[in-house]
Amino acid sequence: MVDETKQTRGSPPLPVLGTSQRFYDIDERLRQAGYELEFPTYPKSVSIPPQFNFSYKPLQTGKSIHLLRLDPAETEDAPLYARFIDTGESDNPTAYEAISYMWGEPIFNARLRIGDGTACPLEELGITANLASALRRFRLRDSVRVLWADAVCINQSDIQEKQIQVGMMAGIYKNAAQVLIWLGPGADDVTHRAMDGFRDLARWLIDRGLGSVPDDKSDLAMALLFNKKFLTIPADRSVTQIQDEVLENGMGKIYTNPYFSRMWIVQEIALASRAIIYQGQCELEWTTFAIAMMGLKAMVDNRSNMFVYDEKMLRRAAEIAEVQLMFTLCSGPPRLDGKPLDAFGASMRKLRGQTCADDRDRIYALLSLQTGDRTVHMKPDYSLALNDIFLDFARKALESGRLEVLYDAGTWDRQFSPSQLRAEQGFLPSWVPDYRSPSPARQLSWLARYVEAKNYELLESEQTKIGGKGFILEIEAFCLLQISDCVSREFPDPRIHIGGQPGCFEATREHVLACREMFKRVSQSNEYPLGGDAETAFWSTLVTKSSCLTSQTVTGFGDNMVYSAEGLRNASEMFKAHCLDENGEVFKDRFNVSVNRSWAISKASFDVATAIVFYETVRDTIADVPFFVSDDGLVGLAAPGTMVGDIVVCVKGSAIPLVLRPSPVRGLCSLVGSCYLAGYCPFYIERYQTYSLF
């Protein structure tokens, strides 16, 4: 039997610690908390289970499903006996519970015996060890339990049935009495301590930020997503204390479970009326887990020196909780001046990169999470090639008004030449996102901030007409500028400083000075062409401050500061005085700023501390990102791969400009990616031009 609790992530890097007293053996503490520091192996594909001597009966109707009537047993290791129920055979609905789980290793050596041996002859169905352990855990001692599990309740060898059933899975999980989340077998003492840790953290977060858990699910989602008091750490509890509790309680044993990397679980949890997490004999309410994970993610986001075991997996599990909350919120009553809420685009963006046995499920698994009036109508069809599905979805999404599809696309992370403009296997047009890769919003700060600000809003009603066929997409856009010069630079790891070699601080400082000289060469006056002064435009670019994002975007310079012209000027002056000037306090103490940030800030004056945080904001914004200018003095940041000669356009109805590259093939352009243009806000344009993207 596969013990999935042993599939933990590798040993994390040492954290950046605030004082010398905080240096300790992290690996040893993780081992004491029950972690096994080894790399797991994840199945890359799932094969069809062998059916042994079992054959499925055809379903009665196109709306029927198979349910598993699991027989009781007094001992956990007793053989598994069950019978199938066809819901189409009765007019009365049958109550059932749905299992959400990982298939595990694609080895189907466990047996599920179907029938009672009398009226129904016994047949055997091969199942994975993980499903077998789930069925044993959920089997009752004295009564039948009716369950639904995809691996056995869908005839996996019947492609037609599978396509129909996959299209019904949203209703299957929505209509279930509850969803049983199975993380696999586990050491009950370790799991019990970890789950108690989640309960304690969630209780503390609720008492401090919410007072009590709202009865209405939409109210709870609103509180967890937007309550700033809930998402900040008060003075009465230190980062170190929370960090220690997470480590010592072994809470990472839960959120690093491979289960949370599955794409399908998002729909299974989001649609559930109630969900409970099980591992071994222990259980935890999903709502409790979600509250704790949202709090942990917020703490990690707000405190750069907080160390948690496997931050990547923490974020992945927290984002599943966040998507579930967004869906709950958007499925509720309209908010924001009566407009329907729509977070489908944001959900797809957050979930890109999740594990899928079949990459086609990167689209099919999320279709049921659509809300609002911009529905993309598609039916699962596993006979289609992957790229055809991506292309079909992107075009239909754009036609329905989801222009955010263009923000997630572009050639900047998958280069190809114009000679590939032909129907060949593997070709994906530049305007179609590759949903197998992580979202660009994870790497492009202006896109991430826009997404954060606009997650739940519909785009403007006036939008571009979508035209073209096949690989060609026709859009209406207006050319804002042509890039005359651009520069980018890769920075070293900010936590590492090797004697005799320039560190991240020095590289950032040199790059800022180079960008400043480039901008001075094209800036004709103190006034910026799109309004305001040129100096503010330059510094707002280095931190991607824009009024078209949101007036409430927090800079990170302090709890009481928001983006404003005055705040930006003050912070940039402190940065110039203490970072760019060789006599500045930060420049002279750059070693400690790089490797001992917390100590440096704790000893610094307000001006110097502000300069350090401004430096960090600039560093994170412009690392590996092209800084560009135009001949008429416009300035901005663009997606990696942007070149001199590329053009920046605003698409009708879009809030973010895009970089296009004119092709040698007359009349065609490729989409490079999104960009930030200082001072840009959508404005009225009388006449647009049609651009053909490939």
Exam field: side chain [X] to backbone [Y], donor-acceptor pair closer than 3.5 Å:
X	Y	value
R139	E74	no
N175	G171	yes
Q165	S64	yes
T256	M313	no
S90	T87	no
N249	E245	yes
Y56	H66	no
T128	A110	no
R316	L351	no

4.5 Å side-chain heavy-atom contact, [X] and [Y]:
X	Y	value
P185	S133	yes
L367	K379	no
R141	P72	no
V190	K253	yes
I254	F198	yes
L112	L68	yes
L271	I172	no

Consider only side-chain N and O atoms of [X] and [Y], and report whether a donor and an acceptor are under 3.5 Å apart.
X	Y	answer
W264	S100	no
S157	N155	yes
T375	Q370	no

Smallest separation among heavy atoms of [X] and [Y], with atom names:
X	Y	result
A272	V179	CB-CG2, 3.4 Å
F393	Y435	CE2-OH, 3.4 Å
Y81	L70	O-CD1, 3.5 Å
Y382	Q163	N-OE1, 2.8 Å
I320	I265	CD1-CD1, 3.4 Å
E123	S55	OE1-N, 3.5 Å

Rounded to the nearest 0.5 Å, what separation is found between the [atom1] atom of [X] and the [atom2] atom of [Y]?
X	Y	atom1	atom2	value
D359	I389	CG	CD1	9.5 Å
I276	Q178	CD1	CD	4.0 Å
D381	Q160	CG	CD	11.0 Å
S437	R362	OG	CZ	9.0 Å
L369	F344	CG	CZ	7.0 Å
N257	Q279	CG	CD	6.0 Å

Practice item. Just do the side-chain contact (heavy atoms from CB on, under 4.5 Å) check on M251 and L201 with the steps written out, would you? Key: CA-CA 10 Å; M251 293 161 66; L201 179 58; 4.0 Å; yes
Review point. Run the salt bridge (Lys or Arg N to Asp or Glu O under 4.0 Å) check on R136 and D77 step by step: do they pass?
Key: CA-CA 7 Å; R136 286 191 169 90; D77 58 355; over 6 Å; no
Looking at [Y] and [X], is there a salt bridge between them, counting it only when a charged N and a carboxylate O are closer than 4.0 Å?
X	Y	value
D86	K57	no
E124	R111	yes
R193	D196	no
R315	E311	yes
R436	D434	yes

Review point. Does the pair I164 and L59 meet the rule for a side-chain contact (heavy atoms from CB on, under 4.5 Å), with working shown?
Key: CA-CA 11 Å; I164 295 172; L59 289 165; over 6 Å; no
Exercise for review: Start with the C-alpha distance between W182 and N130, add both sets of side-chain angles, then the distance that settles side-chain contact (heavy atoms from CB on, under 4.5 Å), and finish with yes or no.
Suggested key: CA-CA 9 Å; W182 178 243; N130 194 43; 3.3 Å; yes
Review point. Going through the checks in order, is the salt bridge (Lys or Arg N to Asp or Glu O under 4.0 Å) test met by E76 and R137?
Key: CA-CA 7 Å; E76 185 173 332; R137 171 62 178 84; over 6 Å; no
Practice item. Mind running side-chain contact (heavy atoms from CB on, under 4.5 Å) on D408 and R352 for me, showing each step along the way? Key: CA-CA 10 Å; D408 286 336; R352 279 177 58 169; 3.3 Å; yes
Table please: side-chain donor-acceptor pairs of residues 285-296 below 3.5 Å, with sequence neighbours left out.
{"residue": "E285", "atom": "OE2", "partner": "R274", "partner atom": "NE", "Å": "3.1"}
{"residue": "E285", "atom": "OE2", "partner": "R274", "partner atom": "NH2", "Å": "2.4"}
{"residue": "W286", "atom": "NE1", "partner": "Q324", "partner atom": "OE1", "Å": "2.9"}

**Study point:** side-chain hydrogen bond (donor to acceptor under 3.5 Å, both in side chains) partners of R360, counting only residues at least two apart
**Key:** D358
All N/O donor-acceptor pairs, side-chain side in residues 144-154, below 3.5 Å, sequence neighbours left out:
{"residue": "R145", "atom": "NE", "partner": "E97", "partner atom": "OE1", "Å": "2.7"}
{"residue": "R145", "atom": "NH1", "partner": "F138", "partner atom": "O", "Å": "2.8"}
{"residue": "R145", "atom": "NH2", "partner": "E97", "partner atom": "OE1", "Å": "3.4"}
{"residue": "R145", "atom": "NH2", "partner": "E97", "partner atom": "OE2", "Å": "2.9"}
{"residue": "D150", "atom": "OD1", "partner": "Y101", "partner atom": "OH", "Å": "2.8"}
{"residue": "D150", "atom": "OD1", "partner": "W103", "partner atom": "NE1", "Å": "3.2"}

